[in-house]
2 protein chains.
Amino acid sequence: MSDSIWCFENINLYQVLCPHKLKEFGKDHFEGFKKGDFIYFPEDASQSIFMVSKGKVKIVSYNEDGEEVVKAILGKGEIFGEKALLGEEKRSDYALACSEPTELCPMRLSDMYQLMRTNEKFGFSIYKLIGVRIKKMERRLEALLFKDVRTRLCEFIKEMADESGTMEGTELVVSHFFTQKDFADLIGTSRETVTRLFNELKEEGIIDYSRKEIKILAKEKL
Amino acid sequence: MSDSIWCFENINLYQVLCPHKLKEFGKDHFEGFKKGDFIYFPEDASQSIFMVSKGKVKIVSYNEDGEEVVKAILGKGEIFGEKALLGEEKRSDYALACSEPTELCPMRLSDMYQLMRTNEKFGFSIYKLIGVRIKKMERRLEALLFKDVRTRLCEFIKEMADESGTMEGTELVVSHFFTQKDFADLIGTSRETVTRLFNELKEEGIIDYSRKEIKILAKEKL
DNA sequence: TCGCAAATGTGATATGGCTTACATTTTATG
DNA sequence: CATAAAATGTAAGCCATATCACATTTGCGA
């Protein structure tokens, strides 16, 4: 649990990547996005990776019916588009800003590679970041294979709490900006089931759910 | 589709990694394993990554009941343990040889990093390899989220065919050494369902399944 | 501030695939 | 070659969760 949300599992990437600390690359590093602005589209050339320096970014795709499917939501200090580093030539999904204003810190691939080669510490940070991503995916896969929906939701809430929860008195509070549909996408279930489960957890006095935040009243029961 | 099984999605890693081509690192690079030999255990320090130079390797874990759950099966030219490169300190699963003899080409982490830094081509191969792994995982995740078991099995068979199928007359033949339990683990279903589906596909004249190989009679219907 | 679209709530019904339980076949092993 | 162990085959019943069909609430944009 951390109060500095950009501290990403012991790798302070914000510190490493932030333009202020890397003046030589820092010229055109900030960009302002409005809510709903697309940052990239599938088939766009994967030329850079991004760090969120302000706001929130959604990674999504669209299913056959044109409905949005959320794959990830990222906040300050988090990185996306990093598959570009791994030989991906074209983006495979959409990235869009979902809060206003959203500011990003894009880094060109060539700069990244150079930095990774010359700055050992930086290189390791990037490796580690990708490793963490893979671990996260593996956990998700395992949950999907072996755990029921309620367990998946509980674990998801706990993860959110670990990443961005704050203690307010005796309550652990996680502020968020997910819709229940987003939760559903992220844990792999239907919107209706999520609604039902949130109310169930509420009834049982385990959480207190509202649109903006989740208060965790009994973490041990999650 | 390729007849050289170690050609891994356009990256000929065998060529790059094979000890014969890297004499300076090649002293102790071959090791013989018998069927069932463990290569590493969870909690072992992640000190090296391996390439299969002969035989087959299973990556597994065990569930609460002590049953084996297969996570991946790798053949010649494929790499495993690569999370070591990404900041993983301890192995998180078991790797064991599942054919005899199995030979590996282990590379120490420090050597890898050095090679990656000095040999640009090598570095890119590794990045790309990890990228391919991630893509594969993403596909798996998506299949699990959006597709029913039959579709998942069909796609899995098609993938096998693309990776290691050979044309024999008009038939596309994939030889394999999976049990139906293995298929079940890999696509996320129960063994019984796999049995049923294989027989269903057989009845429908789409494939011809036997323990050693799958003949694909109507790829378009898969 | 009104109106409308998006988000949430809830019941009824349907169903894919898991589980259980056991039979049969194939393969490994002394 | 005999016997055990592993893999495969099959059926019946059940259950978690999807799907459908609405009602209600919330919040945003004009």
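Sequence lines set the chain letters: A, B, ... in the order given, protein chains first and strands last, and positions in each chain run from 1.
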If you look only at distance, which donor and acceptor atoms sit under 3.5 Å apart when one is on a side chain in residues 185-197 of chain B and the other is two or more places apart or in another chain?
unit_1	atom_1	unit_2	atom_2	d
Asp185(B)	OD1	Lys181(B)	NZ	3.1
Asp185(B)	OD2	Val70(B)	N	3.0
Asp185(B)	OD2	Lys181(B)	NZ	3.0
Ser190(B)	OG	Thr193(B)	N	3.4
Ser190(B)	OG	Thr193(B)	OG1	3.0
Arg191(B)	NH1	Thr195(B)	OG1	3.1
Thr195(B)	OG1	Gln180(B)	OE1	2.6
Thr195(B)	OG1	Arg191(B)	O	3.2

Without placing hydrogens or testing angles, list every side-chain donor-acceptor pair under 3.5 Å for residues 37-44 of chain B, not counting sequence neighbours.
unit_1	atom_1	unit_2	atom_2	d
Asp37(B)	OD2	Lys34(B)	N	2.7
Glu43(B)	OE1	Lys90(B)	NZ	3.1
Asp44(B)	OD2	Phe41(B)	N	3.0

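Side-chain nitrogen and oxygen atoms of Thr193(A) include none within less than 4.0 Å of the OP1 or OP2 phosphate oxygen of dA16(D).
For Gln47(B), the side chain to side chain donor-acceptor pair (under 3.5 Å) criterion is met by no residue, not counting sequence neighbours. Every residue two or more places apart in sequence or in another chain was checked for a salt bridge (Lys or Arg N to Asp or Glu O under 4.0 Å) with Lys35(A), and none qualifies. Residues that satisfy the salt bridge (Lys or Arg N to Asp or Glu O under 4.0 Å) test with Lys147(A), not counting sequence neighbours, are Glu155(A). Here Glu213(A) pairs with nothing under the side chain to side chain donor-acceptor pair (under 3.5 Å) rule; sequence neighbours left out. Ser210(B) is linked by a side chain to side chain donor-acceptor pair (under 3.5 Å) to nothing, counting only residues two or more places apart in sequence or in another chain.
A salt bridge does not link Arg152(A) with Glu142(A): none of the charged nitrogens is closer than 4.0 Å to a carboxylate oxygen. Here Lys54(B) does not pair with Glu103(B) in a salt bridge; the nearest charged N to carboxylate O distance is not below 4.0 Å. Salt-bridge annotation for Arg150(B) and Glu200(B): present, with a side-chain N of the basic residue lying under 4.0 Å from a carboxylate O of the acidic one.
For the side chain to side chain contact (heavy atoms under 4.5 Å, CB included) test with Ile206(A), the passing option among Leu217(A), Ile157(A), Leu222(A), Ile216(A) is Leu222(A); the others fail.
Atoms CG (Asp185(B)) and C1' (dA7(D)) sit 14 Å apart, rounded to a whole Å. Lys35(B) places its NZ atom 13 Å from the P atom of dA6(D), with the value rounded to the nearest Å. dA18(D) atom C1' lies 14 Å from atom CD1 of Ile187(A), rounded to whole Å. For Asn199(A) and dT24(D), the CG to P distance is 16 Å, given to the nearest whole Å. In this structure, the CD atom of Glu200(B) is 14 Å from the C1' atom of dG9(D), given to the nearest Å. Between the CZ atom of Phe198(B) and the C1' atom of dT10(D) there is a distance of 17 Å, given to the nearest Å.
Ser46(B) is not listed as a side-chain neighbour of Glu89(B), based on a closest heavy-atom distance of 4.5 Å or more.
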Close N/O contacts between protein and nucleotides 20-23 of chain D (under 3.5 Å):
unit_1	atom_1	unit_2	atom_2	d
dC20(D)	N4	Glu192(A)	OE2	3.4

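Contact footprint of chain B on DNA chain C: nucleotides with an atom under 4.0 Å from a non-hydrogen protein atom, first to last in 5' to 3' order, dG17(C) to dT27(C).
Applying a 4.0 Å cut-off to non-hydrogen atoms, none of the residues of residues 176-183 of chain B approaches DNA chain C. In the region residues 204-212 of chain B, proximity to DNA chain C at under 4.0 angstrom, judged on heavy atoms, holds for Arg211(B).
The heavy-atom pair separating Leu104(A) from Val52(A) by the smallest distance is CD2-CA, 3.9 Å. Met137(B) and Ile134(A) make their closest contact through CE-O, 3.7 Å (heavy atoms, listed as atom of the first residue, atom of the second, distance). Nearest heavy atoms, Lys202(B) versus Tyr209(B): NZ-O, 3.2 Å. The shortest heavy-atom contact between Cys98(B) and Lys58(B) is SG-CG, 3.6 Å.
Note that the two end axes of the helix from dT1(C)-dA30(D) to dG30(C)-dC1(D) enclose an angle of 60°, each drawn from 5 base pairs, rounded to 10 degrees.
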